[in-house]
Amino acid sequence: MSQGTSSVRVDSNVAQRLIEHIRNKTTDTAPSELRIPIDQFVNPARADAEIALLKRLPVIVAHESELKDTGSYVTREVLGVALLIVRQSDGSVAAFHNMCRHRGGRVEQAAAGSKRVFMCQYHGWAYNSEGGNLRHVPYEESFGEIDRSCNGLKRFTTHVRHGFVLVELSSPPGRSIAGYFGPEVDAELAPWGLERSQIFLDKSFTLNINWKLVMDGAVDSMHPQFLHVGGVGKLVATHTAVFQAYGKHGKLFQPRRKLEQLVREGAELEGSSKYISSLLLLYPNALIIGAPDHVEFWTVWPVPGNPNQSTVHIRFLVRPEILSPEMESRINASWDILANAATQEDWPMEEFIQKNAQANPEGTFVYGKNERAAQHLHWQLIEDLGNGAS
């Protein structure tokens, strides 16, 4: 963080590359164009394979600020799996299957709260929030033998990093989350203080769009001046970007219009989030977007059984020590800009694309050399799943 301001400093090498791109009217490029079969956006078999992949990877399901005290919990449905995410007495976070071991009811219906015991409302089986072990079975004496040691709530591998709670739904334990993020991603996230940030705004949307098209739109540096003429296009440059790959993850940097103006004027330049927007892709489906003084945190989820739908969960995170009435007003204004761009421009365009893909699944979508950030996610999916039509 820059001293005396809420903005976050951007790596000087990245800032200098952006300045050179502005001066030369250039952008970062990939070695070649990339063609992706349109079928991959509509084919149920491909969608099932992508969901199976997401279940094998760490996916972000919550933020620590939602789980302040021992026994506090949130419930989520992630890729068709009902989760119960609970703060434990040692400060760790546990994620359980929100499914009674008796006959499959949900042991907690509320979206959030705090409890010592969760009880299924079907037959009254009860589980401790600490550890998820089976606590009580009504009429146990006439039920039959029950081994409590293997009838607690199913527990998933859970990690916490930079304040994010990540869950692995089907992979074996033992993955290093530090290794999965990597030192470069850690270095990009650290200045934002996300582990001590709080959720300022929380919105969810179900869209008639394949999840990859939503991700494409978010990381696309080529469309602001065309699709967002009166809004985002006035704030962020088009066709001027730096992209940094960090293994499967990656980060897009774009100059704000203010930086373009300062470069033209030959002014003294500051490489910070005040003048440079950034978008970190945390593979496979999370986006961390750096605004001047807060973070937009997106997760984009495929909908099981329907390749033509996705759910987008957007939260704004802000460090409490810098939150003021003036900043609240700025953040609310930022949401108004984002909401207009997404709901009135980006998502309607992507819905058109999805409808066209459904009607014309043959052929390919083309990602140009100058669309390096948009290529990145697809290259990672090719590495994990291949590029043929399923």
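Small disclaimer: the values here were computed from a predicted structure and weren't measured.
- Side chains of Q358 and Q354: a donor-acceptor N/O pair is absent below 3.5 angstrom, by distance only.
- Using a 4.5 Å heavy-atom threshold, the side chains of V61 and F156 count as separate.
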Check the pair R35, E33 against salt bridge (charged side-chain N to carboxylate O under 4.0 Å, His left out), reporting the backbone distance first and the verdict last.
CA-CA 7 Å; R35 294 179 178 269; E33 68 179 32; 2.9 Å; yes
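- Hydrophobic clustering, with ILVMFWY side chains joined whenever heavy atoms are under 4.5 angstrom apart, groups L53 together with L169.
- The pair E351-K355 does not count as a salt bridge, with every side-chain nitrogen at least 4.0 angstrom from each carboxylate oxygen.
- Qualifying ring-ring contact (aromatic ring centres under 6.0 Å, His included) partners for W347, counting only residues two or more places apart in sequence or in other chains: F205.
- Salt-bridge formation is not detected for the pair R23/E260: no Lys NZ or Arg NE/NH1/NH2 atom is positioned less than 4.0 Å from an Asp or Glu carboxylate oxygen.
- Residues Y180 and Y283 keep their aromatic ring centres 6.0 Å or farther apart.
- Other residues, nucleotides and ligands contribute only 12 or fewer heavy atoms inside 6.0 Å of the CZ atom of R116.
- Under the side chain to side chain contact (heavy atoms under 4.5 Å, CB included) criterion, E328 pairs with F200, L323, not counting sequence neighbours.
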Do any side-chain atoms of residues 117-124 form donor-acceptor pairs under 3.5 angstrom with protein atoms, and if so which ones, sequence neighbours left out?
| from | atom 1 | to | atom 2 | distance (Å) |
| --- | --- | --- | --- | --- |
| H123 | ND1 | H102 | ND1 | 3.3 |

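- S329 has its side chain out of reach of N332: every pair of non-hydrogen atoms, C-beta onward, lies at least 4.5 Å apart.
- The main-chain N or O of R330 is never found under 3.5 Å from a side-chain atom of S334 such that the two would form a donor-acceptor pair.
- Q380 places no side-chain N or O within donor-acceptor distance of the main-chain N or O of H249, the cut-off being under 3.5 Å.
- Under the 4.5 Å side-chain contact rule for hydrophobic residues, L317 and I337 do not share a cluster.
- Remark: the S65 side chain and the Q198 side chain contain no N/O donor-acceptor pair separated by less than 3.5 Å.
- A heavy-atom distance below 4.5 Å is not found between the side chains of T238 and S221.
- A centroid separation of less than 6.0 Å is found between the aromatic rings of F365 and F41.
- Using modelled atom types and a 3.5 Å distance limit, the side chains of Q16 and E20 yield a donor-acceptor pair.
- By the 6.0 Å contact criterion, CH2 on W335 is enclosed, its count of non-hydrogen atoms from other residues, nucleotides or ligands being greater than 12.
- The shortest side-chain heavy-atom distance between V14 and Q244 falls under the 4.5 Å cut-off.
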Go through R135 and E130 one step at a time and tell me if the salt bridge (charged side-chain N to carboxylate O under 4.0 Å, His left out) criterion holds.
CA-CA 10 Å; R135 177 188 180 95; E130 183 72 20; over 6 Å; no
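- When atom types are taken as modelled, the side chain of Q88 and the backbone of D90 share no donor-acceptor pair closer than 3.5 angstrom.
- Residues M99 and K154 form no side-chain contact, since every pair of their non-hydrogen atoms from C-beta on lies 4.5 Å or further apart.
- For the pair R87 and E64, the salt-bridge criterion is met [side-chain N within less than 4.0 Å of a carboxylate O].
- Taking a 6.0 Å sphere around CD of E141, one finds it holds more than 12 heavy atoms contributed by other residues, nucleotides or ligands.
- Side-chain contact check for F164 versus I288: some heavy-atom pair is nearer than 4.5 Å.
- Looking at Q254, its side chain does come within 3.5 Å of a backbone N or O of A237 through a donor-acceptor pair.
- A side-chain N or O of N43 and one of D39 form a donor-acceptor pair less than 3.5 Å apart.
- Other residues, nucleotides and ligands contribute more than 12 heavy atoms inside 6.0 Å of the CE atom of M222.
- Taking 4.0 Å as the cut-off between side-chain N and carboxylate O, E168 and R56 do not count as a salt-bridged pair.
- The cluster map of Ile, Leu, Val, Met, Phe, Trp and Tyr, joined by side-chain heavy atoms under 4.5 Å apart, puts F96 and V167 in different clusters.
- No side-chain heavy atom of I289 sits under 4.5 Å from any side-chain heavy atom of S277.
- Using a 4.0 Å cut-off between charged nitrogen and carboxylate oxygen, R315 and E296 do not count as a salt-bridge pair.
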For E188 and Y246: C-alpha separation, side-chain torsions, deciding distance, then whether side chain to side chain donor-acceptor pair (under 3.5 Å) applies.
CA-CA 10 Å; E188 291 293 342; Y246 306 133; 2.9 Å; yes
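- Between S310 and L207, the closest side-chain pair of non-hydrogen atoms falls below 4.5 Å.
- Side chains of N387 and H378: no donor on one and acceptor on the other come within 3.5 Å.
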